[in-house]
Each structure stands twice: as structure tokens, then as C-alpha cells.
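Note that the coordinates shown come from a computational prediction; the quantities given were computed from them, not determined experimentally. Below, all heavy atoms of this structure are taken into account, side chains as well, without hydrogens, waters or symmetry copies. Chain letters run A, B, ... following the sequence lines, proteins first, then strands; residues in each count from 1.
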2 protein chains.
Amino acid sequence: MALEHALLVSLSERTASGLELTRRFDRSIGHFWTATHQQIYRVLGRMEKDGWVRSETVAQQGRPDKKVYEVTEPGRLELERWIAEPTAGDPLRSSLMVKFRGASYGDRAALLEQARERLDEHNKRLALYEHLVGRDYADPSTLDGHDLDAYLVLRGGVRLEQFWIDWLTEYLDAWTKESR
Amino acid sequence: MALEHALLVSLSERTASGLELTRRFDRSIGHFWTATHQQIYRVLGRMEKDGWVRSETVAQQGRPDKKVYEVTEPGRLELERWIAEPTAGDPLRSSLMVKFRGASYGDRAALLEQARERLDEHNKRLALYEHLVGRDYADPSTLDGHDLDAYLVLRGGVRLEQFWIDWLTEYLDAWTKESR
DNA sequence: GCCACCTATGCAACTAGTTGCAACCCTGCG
DNA sequence: CGCAGGGTTGCAACTAGTTGCATAGGTGGC
């Protein structure tokens, strides 16, 4: 299980409240580990109980108070331990692949339409990632430390989107040749 | 949720017992939707109660009886319905990506070792997939219907492994340049 | 003043998936 | 015989994640 640890990584980079973490998840780490705000709150509560993070209530102008979390020393040690620990392969679960495999038991035209929509989404997301690369990493060869890590993970995102685009294109091509 | 539907696809191709389904999952559909035998049994039970499948106990020589499941008409209709339904993007959760992102808060050498192991696994799996392609689909251009579907899904597997290999290689290269 | 809407935190109930184990049948070995 | 080992089905308890909703403070429009 890794949501705890994803939050530790995010909070190590910068302290944040639950909602800020949620939004950050919608943008950076969240491309590779999704979570809803409810779950983040729950896990933050557990982590605080376990002493991995501590929180401070911060008053805001024109807004409700927020609870800002920061990583404690035990939290830091736990993150270190987890990073060194062997990583189990994360199970992939793609309903789209299952649908494609079972296409002959359903409406193929509808499925092709879904493939097109998915292709569109991945194209959009690829454009976003490439925009981020261009904006934040003008010269990757000079990067080091945490910046290089962040860049390489973003590169993973680019490659992953490219994978989907290429494969969905192959799929659509194969099924929309004139003869079918 | 899609395990039910993955099982319907698998059983549409050929009837099977719980354990046979488990093994089939370890090989074909299971590359894109994993499940343990316990879960498969539980879901099969629920599906039978809902009338999506029916089972028949088959005596075997030298082995315990097995319960062979087959898809019923309501099950077939449900599969059809599900295939036509819009597909939500399956959340990706990769602990390895989270670890890479947080590498500066842990032991980088240990992480590079994990990357190498993962690269190795993906290379092995790519070799397996390519073997399957070569063995079962000598001439893809002649395929149609369910065979084409199965081939394209396998191609997705190949491309996915290739994605991991390329990205892990980029990652390792970036972090093992002489200067670091 | 009241309502719609945004920020922020959170509970409860549900669904999905994992881990650990039990039970049972049969075969083959010493 | 007795016991290890594989095949087969399954229960129970746990962990993780989702959905729906509640609460509460504040802003801005009518």
C-alpha cells in the first residue's frame, strides 16, 4: 500500500493541508497515484495518529481554517524504509483491454467510438505533459537531485500517454480498414 | 468494476471451473486484469446467484470434482450492456513511480537496484509476449473477429512492456552517468 | 436577509481486492 | 498403512478505495 507514502513524498517536498494535497494529486504525483479528498483526509488522520506527520491549524483570510501537515522524523524514517524495500509490481487493471478482448460479444461500433474518445483524452494529456516539460525543464541535461527525479517521472508520464496513443491508433487502424 | 465482466469474457470464450479461470487469468486476460483464486470463487458465487452464469459439477478421474461454469443468456446480455457502456479511465497506481519521485528522501542506490530488477522482469515478459505473437499469429494481416481482438490485446501487452523497458532504461541511464 | 456557491474537513456505508487458512479428495512413495 | 503433495473449493478477516452526504465558515448577488 502506498497512499501513505505518496503523501509522505508530497509533504516532504512541501507542507500542505488535506485539500491542497488533493489538488496537488490532481496535478503531479496524482498522474501515477490517484486518490479522492475523503481518502486523503482519512489517511492523514491515521498518519497523524501513528506520528508520521504533525499538523498545525492555520487561520486564513476570507476562508475557513486549514490544517497544515508536515512530516515528522518517524515519518521521514518510514519513507526511507519504504523506498529501500522491494517494490511489488503494481497490478494493472484495464477495463478497456478487457472490453477489446470481448468485443465480439458486444457492439463493436460503440467500442470503436470509446476507443476514439480515449485516444482523444490521451492526446490531450500528452499535450499537457509536454507543455509541462517545455515550461519547467528547458535543459534536462543540467538537472540533478530531486529535479531530475521529478523530470524523469514526468517523462514516464509522457511515454505512458504515448503508449496509449500508439496502441489505440493501431487498434483503430486494424478495425477500420475499408474491408471490415 | 470489471472482474465480473472479465470472467464473462473468459467464460464466453470457453466454459471453465474456478481454478481453470484462475490459471487462464495468469496467462491471457490476466495480464491486464489480475485476480486471485479466492476472489474468483467469490465472484463466481455472486454471479451464479445473480443468474449470469450456471454451473455443472463434473466428476474427474483421479481428482476432486470440479464445478464448470457457463454464461447464461442474462449473463450474455449483461456483458453486451457493459461493453457498450462508457468506460471510465482505469486509475493507474504505480508505487515505483512514487518511489522514483521521492528518491531523494531515501537510498538511491537501493532504488536503482530495484529499477534494474524491474527492467529485467519486463524484459522477460516482453520475450514471453513476443513468443506468443510469433507462435499464434504468424500472419496478423489475415486475422478477423475474435482472433484479431485477441491479437491486438496481446500487441497492447507488447507495447506496454516496451514502455516500461524504455522508460526504466532512460531512468537508469540518467542516474548512472559517470558524473553522479 | 436569504440563497447560491466556494473552501475546507470529515463520517458512514459500501465495494473491491488481499492474506491466511481450512477442508477435502486423490495419487504416489516408503 | 501413513504421509507428503497437488488439485479443488471455499470461509473469515483484513486492507484499500469509492460514493454519498454532513457540517461549517465565508463571499457575493438580489
Undergrad: Report the distance from atom CZ of Arg108(B) to atom CZ of Phe100(B), rounding to the nearest 0.5 Å.
TA: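 Interatomic distance, Arg108(B) CZ to Phe100(B) CZ, rounded to 0.5 Å: 10.0 Å.
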Undergrad: Rounded to whole Å, please give me the gap between CG in Leu7(B) and P in dA16(C).
TA: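 The answer, rounded to whole Å, is 13 Å.
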Undergrad: Check whether any side-chain N or O of Gln38(B) sits under 4.0 Å from OP1 or OP2 of dG17(C), and answer yes or no.
TA: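 No, Gln38(B) has no side-chain N/O under 4.0 Å of OP1/OP2 on dG17(C).
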Undergrad: Calculate the interatomic distance between His37(B) atom NE2 and dC11(D) atom P; express it in whole Å.
TA: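 After rounding, the reported distance stands at 13 Å.
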Undergrad: Return the value, rounded to whole Å, for the distance between atom CG of Leu19(A) and atom C1' of dG10(C).
TA: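 It works out to 12 Å between those atoms.
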Undergrad: As a test of reading the structure: which of dG25(D), dT9(D), dG10(C) is closest to the side chain of Pro64(A), going by heavy atoms?
TA: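 Out of dG25(D), dT9(D), dG10(C), the nucleotide with an atom closest to Pro64(A)'s side chain is dG25(D).
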Undergrad: Once you round it to whole Å, what is the distance between C1' of dC25(C) and CD of Gln60(B)?
TA: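 After rounding, the gap between these two atoms is 11 Å.
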Undergrad: Counting only heavy atoms not in Glu56(B), do more than 12 sit closer than 6.0 Å to its CD atom?
TA: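 No - once you tally the heavy atoms of other residues, nucleotides and ligands closer than 6.0 Å, there are 12 at most.
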Undergrad: Salt-bridged, Glu170(B) to Arg159(A), with N to O below 4.0 Å?
TA: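 Here Glu170(B) pairs with Arg159(A) in a salt bridge, since their nearest N and O are under 4.0 Å apart.
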Undergrad: Report the distance from atom OH of Tyr41(B) to atom C1' of dA12(D), rounded to the nearest whole Å.
TA: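 Tyr41(B) atom OH is separated from dA12(D) atom C1' by 17 Å.
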Undergrad: Please confirm whether the shortest side-chain N or O distance from Thr34(A) to OP1 or OP2 of dG17(D) is below 4.0 Å.
TA: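 For dG17(D), OP1/OP2 do not have a side-chain N/O of Thr34(A) under 4.0 Å.
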Undergrad: Starting from the C-alpha separation in whole Å, work towards a yes-or-no answer on salt bridge (charged side-chain N to carboxylate O under 4.0 Å, His left out) for Asp120(B) and Arg116(B).
TA: CA-CA 6 Å; Asp120(B) 207 51; Arg116(B) 277 183 214 106; over 6 Å; no
Undergrad: Determine, for Lys66(A) against Glu20(A), whether the closest basic-nitrogen to carboxylate-oxygen distance falls under 4.0 angstrom.
TA: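 The answer is yes: the pair qualifies as a salt bridge.
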Undergrad: How long is the line joining CZ of Arg46(B) and P of dC11(D), in whole Å?
TA: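 Rounded to the whole Å, the gap is 13 Å.
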Undergrad: Hey, does the side chain of Arg93(B) come within less than 4.0 Å of dG17(D)'s phosphate (OP1/OP2), counting only N and O?
TA: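 True: Arg93(B) side-chain N/O within range (under 4.0 Å) of dG17(D) OP1/OP2.
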Undergrad: Using the closest heavy atom to pick a nucleotide of DNA chain D for each, name whichever of Pro91(B) or Ser17(B) lands nearer the 5' end.
TA: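 Whichever sits nearer the 5' end wins; that is Ser17(B).
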Undergrad: Is the phosphate of dT19(C) approached by Thr36(B) (side-chain N or O, under 4.0 Å from OP1 or OP2)?
TA: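 No, because none of the side-chain N or O atoms of Thr36(B) sits under 4.0 Å from OP1 or OP2 of dT19(C).
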Undergrad: Whole angstroms only, please: what is the CZ-P distance between Arg42(B) and dA12(D)?
TA: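 To the nearest whole Å, that distance equals 11 Å.
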Undergrad: Just the rounded figure in Å: distance from P of dA23(C) to NZ of Lys66(B).
TA: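 Those two atoms, NZ and P, are 26 Å apart.
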